[in-house]
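The next block holds one structure in the form of structure tokens; read it before the comments.
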Amino acid sequence: MKYESQKVALWYFAAAMALFGVQILVGLLAGAVYVLPNLLSELLPFNIVRMIHTNALIVWLLIGFFGAAYYLIPEEAETELHSPKLALVQLGLFVFGALAAVVGYLFRIHEGREFLEQPTWIKAAIVVVALMFLYNVTMTVLKGRRTVITNILLVGMWGIAVFFLFSFYNPSNLSLDKMYWWYIVHLWVEGVWELVLASILAFLMIKMTGVDREIVEKWLYAIVGLALFSGILGTGHHYYWIGTPGYWQWIGSIFSALEVAPFFTMVVFAFMMVWKSGRRHPNKAAMLWSLGCSVFAFFGAGVWGFLHTLAPINYYTHGTQVTAAHGHLAFFGAYAMINFAIITYAMPYLRGHRPYNQVLNMWSFWLMCGGMAFMTFVLTVAGVVQTHLQRVLGMDYMEVQSQIALFYWMRLGAGAIVALGTVLFLYSIFGPAREERPASIPADYQPAE
Amino acid sequence: MTERFTKAAARNIFYGGSLFFFAAFVGLTGLSHSYIVNTSTDKAGLTDAVARGKHVWEKNACINCHTLLGEGAYFAPELGNVWLRYGGDKDHDGAVAALKAWMAAQPSGIEGRRQMPQFNLTEKEVEDLAAFLEWTSRINTQSWPPKLSG
């Protein structure tokens with residue numbers, strides 16, 4: 001850690017990880033309700049459980065992105081943050097808003113559309129928090145060195161804020177509602193979030209492999225270019241069956257098939273950098289998460305997305321457990337894992353230690369990734385069976401669900417493994433660390449660039 | 001290759017290309033907007049009751065168990081065509097009555113069966129919800145879902 005103000009990232013990572021813990025706990029409960037339907041059904045019905053599970057995910061990923069930005073921007077811009085105090089106030093407000101929303105959900109206070117269930121005043125507060133963040137990081141970048149990484153990161157972050165504004169538009173025509181809803185949901189996760197992901201990954205590659213910045217930056221442009229060229233019109237794969245015109249079946253099929261390309265490029269990029277440099281960074285766990293992120297993003301977002309993205313296939317699989325399988329692995333591989341990567345990389349610097357608890361951290365990697373992979377497989381099989389019974393044979397929904405109960409049991413087991421990995425990860429990050437960093441070499445492991 | 005594909009070129013391709021595709025996307029959604037309003041959905045039938053029913057749907061977070069036109073949670077049946085499953089296209093009043101009876105009977109409390117919460121909706125709210133589901137069933141979805149089972 002070269003700059004004092006990077007320290008604010010520590011609080012962001014702590015808050016993100018606390019919410020991640022909530023997400024996993026509630027996810028376990030949701031998985032349990034699938035196999036034991038009467039569990040807590042009067043006290044805490046499934047719709048509330050699911051709302052907390054998805055909202056906690058979105059919020060912790062965003063807090064993690066904010067933390068990553070506050071960590072890497074001073075190093076990239078070679079200057080202290082514009083206002084570390086503002087960053088902490090922003091975090092306080094955001095965490096308060098998130099907790100208020102969750103407590104409200106428990107008391108059935110919610111409104112709006114899927115993932116955007118927040119009451120309007122919380123949505124407004126989110127906008128205020130986003131503006132504080134954007135002001136802070138933009139000012140920092142403007143006064144310091146500008147790099148491709150900070151440029152792309154800023155475009156991504158501004159994009160997140162701009163597209164969120166569509167959450168205030170809720171027409172009473174359901175088809176219109178759905179079309180503009182995807183301006184947030186799709187253009188976030190298959191658009192501007194990918195910019196954030198790619199720039200964090202590029203930062204980690206520069207730091208851990210020491211490969212020349214020029215090379216990394218050119219790759220970064222290529223990756224984010226492919227992401228937006230395919231991803232923007234790829235929104236069409238959500239416009240097949242909601243009342244939109246038929247031309248989306250062609251546009252959506254073609255462009256979303258291309259959405260595999262940026263993720264494949266990311267895998268090639270990450271492994272090429274590591275292979276080329278031949279450098280051994282002491283934080284092996286961070287390296288593992290970074291490489292793993294590219295691979296799991298490729299499979300989860302790329303391959304599993306492609307599986308059901310073509311319109312003639314999607315006609316049968318849309319809204320089945322196939323979608324659930326894809327959703328779980330895509331969010332985990334692309335966005336949860338990039339957070340684990342930057343957190344694993346940054347925590348030793350933030351705490352002033354040598355990389356610590358690495359074996360534990362790498363165990364958590366294999367447990368979480370193994371659990372998520374297994375969960376994806378069983379949900380995929382469940383989805384294929386469901387598609388056949390329900391969409392081809394025309395069997396009743398609830399009858400089909402009882403036919404695939406076995407897979408839900410296996411999914412719960414997989415979820416328990418992920419939860420175990422989560423506990424290990426949290427301990428490896430926040431638990432005791434033995435080796436202090438010698439004061440004489442304050443910023444070692446950092447490449448000269 | 002290295003000389004010709006400079007970083008500046010990569011940057012220009014990224015920003016230029018992204019703007020181009022975004023402009024194309026906005027244009028196409030603009031076209032779709034007017035298609036939805038004028039062609040694929042029932043403009044005249046979008047009454048206040050339908051709008052209120054949509055609000056009932058949102059207020060109670062139905063989307064976090066059910067799917068609607070395939071989007072939502074995957075815990076409970078698809079409702080985009082539930083109006084047709086209830087036979088509402090043939091017997092309007094019968095379907096509304098059936099929906100009222102269904103909503104009043106929740107949760108079923110049957111052991112081992114998924115439970116739908118009791119939302120304590122008023123009679124009028126259920127009627128609005130029925131209007132919303134009826135309107136939704138008439139959206140031209142390119143004949144999705146493939147089966148009545150949703």
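Since the structure is predicted, the reported quantities are computational estimates derived from the model, not experimental observations. Per chain, numbering begins at 1; letters A, B, ... match sequence-line order.
Of the atoms belonging to B:Pro107, it is side-chain heavy atoms, and not backbone ones, that fall under 4.5 Å from chain A. In this structure, no portion of B:Trp57 lies under 4.5 Å from any heavy atom of chain A. Looking at A:Val400, neither its backbone nor its side chain comes within 4.5 Å of chain B, counting heavy atoms on both sides. Using a 4.5 Å cut-off between heavy atoms, B:Thr41 contacts chain A through its side chain alone, with no backbone atom that close. For B:Lys7, the parts lying near chain A are the backbone and the side chain together; criterion is any non-hydrogen pair under 4.5 Å. The parts of B:Val26 that come within reach of chain A are both its backbone and its side chain, each placing non-hydrogen atoms under 4.5 angstrom from that chain. With a 4.5 Å cut-off on non-hydrogen atoms, A:Gln321 touches chain B through its side chain but not through its backbone. With a threshold of 4.5 angstrom between heavy atoms, A:Gln386 does not approach chain B through any atom at all.
Between B:Lys59 atom NZ and A:Ile109 atom CD1 the span is 9.0 Å, to the nearest 0.5 Å.
Ring-plane geometry between A:Trp181 and A:Phe115 is classed as parallel, the angle between the planes falling under 30 degrees on a 0 to 90 degree scale with a further cut at 60.
A cation-pi arrangement, defined by a distance under 6.0 Å to the six-membered ring centre and an angle within 45 degrees of its axis, is present between A:Arg411 and A:Tyr34. The cationic atom of B:Arg114 (NZ for Lys, CZ for Arg) does not lie both less than 6.0 Å from the six-membered ring centre of A:Phe46 and within 45° of the ring axis.
Remark: B:Arg52 CZ is packed, more than 12 non-hydrogen atoms of other residues, nucleotides or ligands lying under 6.0 Å away.
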